[in-house]
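The structure appears right after this line, and notes come after that.
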Amino acid sequence: MKIADIDAELNHAKDAALRALSVPDELAAEIVLAPAPNPAMGDVGFPCFALAKHLRKAPPMIAQDVAGQIAAGGVIAEVVLAGPYVNFRLDASRIAEVVVGQAVSEGDRFGAGFVEQSQKWMVEFSAPNTNKPQHLGHVRNDLLGATVAAMLEFGGHEVIRANLINDRGIHICKSMLAYTKWGDGETPESAGEKGDHLVGKYYVQFGHKFREEYEAWSRSDAAHSAFTAWKRVQSPKLVAERDDDQLMSDFLASHEDVYFNQGSILGAETKRMLLDWEAGDPDTLELWERMNGWVFAGFDETYASLGVTFDHVYRESETYLLGKDIVTDALAAGTLSQLDDGAIVFDLAKIGMEGEKVLLRSDGTSVYMTQDLGTALTRIDEYDLDRMVYVVGNEQDYHFTVLFGVLDTLRPGLGERLQHLSYGMVNLPEGRMKTREGTVVDADDLVAEMIALATEETTKRYADADLTAEELARRARAIGLAALKYYILDFNPRSSVQFDPQKSIDFQGRTGPYLLYSYARIMSIAREAGGFPELDEVAQSEALRALGTDLEMAVIMELREWPRMVALAARLLDPSKVTEQLFKIAKAFSTMYNDRARHKIIEVESPRKEGLLLLTLAVRNALATGFSILGIEPLEEM
């Protein structure tokens, strides 16, 4: 018997009782078992509110009727009424035997293989630009993508981890132009700097130089003439409400891109470099390849520090022409239409939206949507994918709604196989990060800060320990990265995150270091006991049936939830379900362990001693499994 069989038995009892009361199957299916909110009310149960309309009774009366249809037996020790709730108190010894037995036997794969049919998935994540290093926002993307891929793989799917790096375009040329003007042949080696940081320095310098140019222009006659023309087309109310200084500030804020494209010397040089790149100019290509090479090497170091890997890395320079043939073929088939100026567009009314989406400009050039169509269909066909997930920030929600709608129109049924894992912004207490101003929080700097915080904390904790510098550094790195990963992943992806480095490193809170400490304490218990017991089936059954105190059952019930929660996390693409359940398991175990009067494991009599050690091993296995999914390195000593 396994945990799933317990759930099946409980659901069968619930469904049979509801069927006896003439509740339709579809309504019965909506009644979901869940842990009781208070252990005094039982272990698991369900409310009867949803049945009131159909049965025309008050929920407490319905609960009495339902309870009257369920007899104790099997894993159900008692049916407990609590107002409108029907709860089950489970047979402690039987539940302990099943739950702990499964956790022990499955080891570091506890809860794995939960999908009914394996599919081939691709998870695309990270997608940085080669004009700057990765930052805190990329860290959330990297960790979400890697963890979602790990969850899907843990469930039994085949997963391809993909990265589409934006290595071309006007932003890349800004870094390149700045380097040609002010780089003086500097290299990562001569500067003693990571390549992506070096290139990012020139991207920031371009921004500073452009602002200087723009500010100088803002004082010119040309700017005054442009401002006058702009003011004429503004609403009279706006002009009346604001003085000229305020209006000039509004104008300059809105005119920056126009100036870059139409009046800026730096803008003209940057666009010229992009045209040279597209034309295949050898010198431009050589510089582009050299600087991108520096960035790629830097990215590899960042990914390695985070423990993030990819099965396939795409580059936009290799994919940006994809999609043109798809668009022209769709035009010929009548799926798309063409405007008078020659642009090819998709009518958004086909997917319940307003307006039109340009897929090829009037001059025949692509937009981002065009290449996204091409890369999506190319990957679906190349890998014969069943599902594809794009891990991209929520500022691109509209883009993916349109992209999936267009793809579904071009190839009916495809849209439901695609998913945008939309996530919120990540901020520090100081505020939102801004790349162009050079105040971005680099991923590498963040990792270094977390390791420094962990080093400070571990140095205090191990002041009297005889640890080598190397061992202290190893532990600090594991603790710092665990703090970072757990904190970031412990939020629902759609929510925004204010990352607090100091809070994340707390050994007493809902944090990665707390879980690492729980794991290390378990391993210390095992060492003190001479290892975890290896028992035959009969002896193990006897040991586990000796468990049953309220605190032991609290741990066992949290372990029982682990397979369900990790499966739910994979279905929802939400790692926070994993982090939450790991914390609940560790907290329940800590509460039990701290009750030394009843649970001083080494000193209790057999077979409870072996039962408690097996329960300890089961918690260890759950934590180890969760660490593997989250990319956290366990520590056996802390």
Side-chain angles (χ1 to χ4, degrees), residues 129 131-132 135 137 166 168-178 181 200 202-275 339 341 343 345 348 353-359 361-363 365-370 392-402 424-425 427 430-440 496:
N129 299 334
N131 61 334
K132 54 183 181 270
H135 54 62
N166 183 356
R168 60 167 290 278
I170 198 73
H171 295 298
I172 311 305
C173 289
K174 289 178 181 179
S175 297
M176 292 167 58
L177 181 67
K181 285 180 168 294
Y202 288 103
Y203 181 69
V204 170
Q205 187 170 10
F206 180 96
H208 291 321
K209 295 290 186 181
F210 174 73
R211 273 193 301 280
E212 291 174 4
E213 182 189 296
Y214 190 49
E215 288 169 4
W217 175 83
S218 71
R219 297 186 291 271
S220 69
D221 292 340
H224 180 74
S225 297
F227 169 64
T228 301
W230 174 84
K231 189 165 67 170
R232 281 198 298 268
V233 299
Q234 303 308 303
S235 72
K237 182 180 179 183
L238 175 69
V239 173
E241 289 176 347
R242 303 172 74 83
D243 60 31
D244 267 7
D245 287 343
Q246 293 172 318
L247 288 169
M248 174 59 86
S249 178
D250 292 342
F251 163 70
L252 291 175
S254 64
H255 193 73
E256 186 174 317
D257 287 342
V258 175
Y259 174 75
F260 178 85
N261 287 307
Q262 297 180 6
S264 167
I265 296 172
L266 284 174
E269 291 179 301
T270 306
K271 290 190 289 182
R272 178 71 259 170
M273 180 171 278
L274 179 59
L275 290 173
L339 303 180
D341 65 0
V345 300
L348 292 174
M353 302 175 72
E354 295 183 358
E356 296 171 326
K357 177 60 186 176
V358 173
L359 298 180
R361 299 186 184 95
S362 57
D363 61 2
T365 57
S366 300
V367 297
Y368 273 109
M369 186 72 69
T370 317
V392 182
N394 57 16
E395 69 273 11
Q396 294 295 324
D397 284 352
Y398 174 83
H399 174 84
F400 282 100
T401 298
V402 174
M425 293 294 297
N427 302 303
E430 291 75 18
R432 182 170 174 162
M433 301 169 296
K434 295 183 179 179
T435 303
R436 288 190 299 173
E437 283 74 14
T439 58
V440 64
S496 294

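No experiment lies behind these values; they were computed from the predicted model shown.
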Measuring from [X]:[atom1] to [Y]:[atom2], what's the distance to the nearest 0.5 Å?
X      : Y      : atom1 : atom2 : value
Thr228 : His224 : OG1   : NE2   : 4.0 Å
Phe227 : Asp244 : CZ    : CG    : 4.5 Å
Cys173 : Arg168 : SG    : CZ    : 9.0 Å
Leu177 : Ile170 : CG    : CD1   : 9.5 Å
Met176 : Leu274 : CE    : CG    : 9.0 Å
Lys357 : Tyr398 : NZ    : OH    : 6.5 Å

Considering all heavy atoms, the nearest [X]-[Y] contact:
X      : Y      : value
Ser175 : Tyr202 : O-CB, 3.8 Å
His208 : Arg211 : ND1-NH2, 2.6 Å
Phe251 : Tyr214 : O-OH, 4.4 Å
Trp217 : Ala222 : NE1-CB, 3.7 Å
Lys231 : Leu247 : CD-CD1, 3.8 Å

Flag, side chain of [X] to backbone of [Y], donor-acceptor distance under 3.5 Å:
X      : Y      : value
Tyr259 : Ser218 : no
Glu215 : Glu212 : no
Asn129 : Asn131 : no
Ser362 : Ala343 : no
Arg361 : Ser366 : yes

For this session: Taking ring pair (Phe, Tyr, Trp, His ring centres under 6.0 Å) as the test, write out the residues that go with His171, two or more places apart.
Result: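 For His171 there are no ring pair (Phe, Tyr, Trp, His ring centres under 6.0 Å) partners, ignoring immediate neighbours.
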For this session: Using the test ring pair (Phe, Tyr, Trp, His ring centres under 6.0 Å), find all partners of Phe260 that sit at least two apart in sequence or belong to another chain.
Result: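 So Phe260 forms a ring pair (Phe, Tyr, Trp, His ring centres under 6.0 Å) with Phe210.
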Exercise. Around Asp221, counting heavy atoms of other residues, nucleotides and ligands shown, do more than 12 lie under 6.0 Å from its CG?
Worked result: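 Atom CG in Asp221 is not packed in, count stays at 12 or less.
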Exercise. Counting heavy atoms not belonging to Glu354, are there more than 12 under 6.0 Å from its CD?
Worked result: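 Not more than 12 within 6.0 Å, no.
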Problem set entry | Val392 side chain near His399 side chain, heavy-atom distance below 4.5 Å |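 They are not in side-chain contact.
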Exercise. Under the side chain to side chain donor-acceptor pair (under 3.5 Å) rule, what pairs show up with a residue in residues 261-273, not counting sequence neighbours?
Worked result: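 Those involving residues 261-273 are Lys181-Glu269, Glu213-Ser264, Arg272-Asp276.
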For this session: Begin from the C-alpha positions of Gln234 and Asp250 and carry the test side-chain contact (heavy atoms from CB on, under 4.5 Å) through to its verdict.
Result: CA-CA 11 Å; Gln234 303 308 303; Asp250 292 342; over 6 Å; no
